[in-house]
Amino acid sequence: MNRYFDHNATTPMSAAARSAWLEAAERHWHNPSSLYREAGFAKQKLEEARERLATLLGCEDAERVVFTSGATESNNALFSSFAQSLPKDVRIAISSIEHPSVREPARAAFSNRVIEIPVNADGVVEPERVRELIEKESLALVSVMAANNESGALQPWDEIAKACETAGVLFHTDAAQWFGKMGQGVTAFCRQPGEGGKPSLQHYITGSAHKFGGPKGAGFIVLREETESLRFIRGGPQESGRRAGTENYPAAEAMVTALEEITPRLDEIAVTQQAHRDEFITAMKQSFPDLRIISERAPRLWNTVLMVMPRHENLKWLTRLTRRGFSISTGSACSSGREGSSVVVQALGASPQELKRVVRVSGGWEHAREDWLALADAFCQVDQELAGRSS
Ligand code: PLP
């Protein structure tokens, strides 16, 4: 039985990614920037991995792809470089439900020139609000995540991106939770049919390998244009001078292999897993009629349920479920262990008491119906235990 329900925090490495990593580490461990033959092979494989990722994302030019150590680095790098390249007095807008790896660097770089875009009652950013802001505030940049890590709510990033493009505003989307879960539209990240069917959409995209079966410590940035000469990390010519440091070819290889392997399977997985997830919700509502599911009416990732439990603090649920072998979370990965820290539930205006009762369940690609139902059953047992009705 698979009792791991914290896939939005991290996923196990897929078999394909693991063997790709091993082969790359055994055969091509040389420094890709060195000048001898073996190093040249490693460099060539690294560039092939870049091409493959670009193709998967619908990018015309692989030079738009920069390999990094993950989405946190990618988001930090972008906001620091925006702060240097944009005029000093511009304002930027980010959604009120961004991951801390967007929110904190945005604030550090632009301080009180950051405007927060509120979400509606379903935890979704409305493109109309973004259009209003663009008109009113003469923004230079908008950043809205593709899928929320806590609630799973899908954000209309493509519509917002188009609005930004029309207005000449830069757009960034943190797609760390989208890749590996949403099959349709992966290529749409770089390429949208514009007028006359031409690819038109060009914006910044960030992603993270360990959310889709790749290794930890690997991620990427897709830049708006292949010619951008940004310097995220200084100290060497690697990644076209954008990110210095010896390239981690095995991690890049494993990351791209994981995404290539999972993406074509995702539409089918989504149908099966969403049905299991919805059965879990039905079972939970039978046991807990006052259960509140966040973003329930919004289109959301097929694997995620963010709940405000009707009673008992989240750490009590978490520790007792752990004893039964189930891994769940109290909200976002970065804040697990800290009570009441759900950014989304706070953005929706919850009471401090409700914030302490937030739990997140996030399933994987291979869960069986029985796994989900066993989890619902375990919630029931824990409730009885906490009520002192059973041992
Ligand atoms: N952005 C989102 C939406 C995330 O969910 C996460 C991880 O939880 C990150 C960024 C950070 O990713 P990484 O662990 O690769 O730094």
Side-chain angles (χ1 to χ4, degrees), residues 4-13 17 53 65-80 94-108 117 119 123-125 143-155 157 160 172-182 186 189 204-222 232-233 243 245 248 251-252 254-256 258-259 294-295 298 300-301 303-306 327-338 341-345 347 358 360-364:
Y4 181 71
F5 281 93
D6 200 16
H7 285 77
N8 288 9
T10 195
T11 59
M13 225 161 126
L53 183 58
V65 176
V66 182
F67 290 126
T68 66
S69 70
T72 300
E73 179 194 319
S74 303
N75 293 336
N76 271 269
L78 276 183
F79 281 92
S80 310
I94 64 171
S95 85
S96 60
I97 53 165
E98 290 302 310
H99 188 268
S101 64
V102 165
R103 216 174 42 245
E104 291 182 24
R107 289 242 171 254
I117 314 164
V119 287
V124 175
V125 176
S143 177
V144 175
M145 68 202 323
N148 184 264
N149 46 302
E150 295 182 23
S151 65
L154 303 177
Q155 305 299 320
W157 61 268
I160 296 171
H172 162 244
T173 190
D174 172 356
Q177 295 291 346
W178 176 289
F179 294 119
K181 300 196 184 90
M182 302 302 291
V186 163
F189 268 102
Y204 299 91
I205 305 148
T206 43
S208 168
H210 73 102
K211 308 288 184 185
F212 53 76
K216 287 159 191 62
F220 58 88
I221 305 174
V222 181
F232 299 131
I233 299 185
R243 182 190 189 262
N248 191 348
M255 169 170 73
V256 176
L259 196 57
I294 304 298
S295 298
R300 56 195 206 287
L301 296 174
N303 74 326
T304 308
V305 194
L306 185 66
S327 308
I328 64 154
S329 126
T330 56
S332 64
C334 308
S335 53
S336 59
R338 273 173 43 203
S341 47
S342 165
V343 171
V344 172
V345 184
V358 176
R360 181 189 68 188
V361 166
S362 52

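Fair warning: this is a prediction, and the values are worked out from it, not measured in the lab. Start at 1 with the first residue, then count along the sequence. Heavy-atom basis, side chains included; hydrogens, waters and symmetry copies ignored. Whatever order the structure lists them in is the order used to number ligands and atoms, beginning at 1.
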Worksheet entry | Donor-acceptor pair, side chain of Gln155 and main chain of Gly123, under 3.5 angstrom | yes

Practice prompt. Check for a donor-acceptor pair, side chain of Ser362 on one end and backbone N or O of His7 on the other, with a separation under 3.5 Å.
Written response: yes

Worksheet entry | Part of His210 with heavy atoms under 4.0 Å of ligand 1, whether side chain, backbone, both or neither | side chain

Worksheet entry | Under 4.0 Å to a heavy atom of Thr72 - the qualifying atoms of ligand 1, by number | 11 (C), 12 (O), 13 (P), 16 (O)

Worksheet item: Out of curiosity, is Lys211 lining ligand 1, as in a heavy atom under 4.0 Å away?
Response: yes

Worksheet item: Under a 4.0 Å heavy-atom limit, does Met145 contact ligand 1 with its side chain, its backbone, both, or neither?
Response: side chain

Fill in: Numbered atoms of ligand 1 (with element) below 4.0 Å of Asn149, judged on heavy atoms
3 (C), 5 (O)

Worksheet item: So which bit of Asp174 gets within less than 4.0 Å of ligand 1, heavy atoms only: side chain, backbone, both or neither?
Response: side chain

Practice prompt. Return yes or no for this condition: an N or O of Ser69 is under 3.5 Å from an N or O of ligand 1.
Written response: no

Fill in: Residue pair Asp6, Ser327: steps toward the side-chain hydrogen bond (donor to acceptor under 3.5 Å, both in side chains) verdict
CA-CA 6 Å; Asp6 200 16; Ser327 308; over 6 Å; no

Worksheet item: Counting from 1, what ligand 1 atoms have a heavy atom of Gly70 closer than 4.0 Å?
Response: 15 (O)

Worksheet item: What heavy-atom pair brings Ser208 and Phe220 nearest, and what distance separates the two atoms?
Response: N-CE2, 4.5 Å

Worksheet item: For ligand 1, which part of Ser101 has a heavy atom less than 4.0 Å away: the side chain, the backbone, both, or neither?
Response: side chain

Worksheet item: What do you reckon, does Ala147 have a nitrogen or oxygen under 3.5 Å from a nitrogen or oxygen of ligand 1?
Response: no

Worksheet item: What is the ring orientation for Phe179 with Phe212, classed by angle as parallel under 30°, tilted 30 to 60°, or perpendicular over 60°?
Response: perpendicular

Worksheet item: Which heavy atom in Pro215 sits nearest to a heavy atom in Met255, and how many Å separate them?
Response: CD-N, 3.8 Å

Worksheet item: Taking atom types as modelled and ignoring hydrogens, do the side chains of Glu150 and Ser342 form a donor-acceptor contact shorter than 3.5 angstrom?
Response: yes

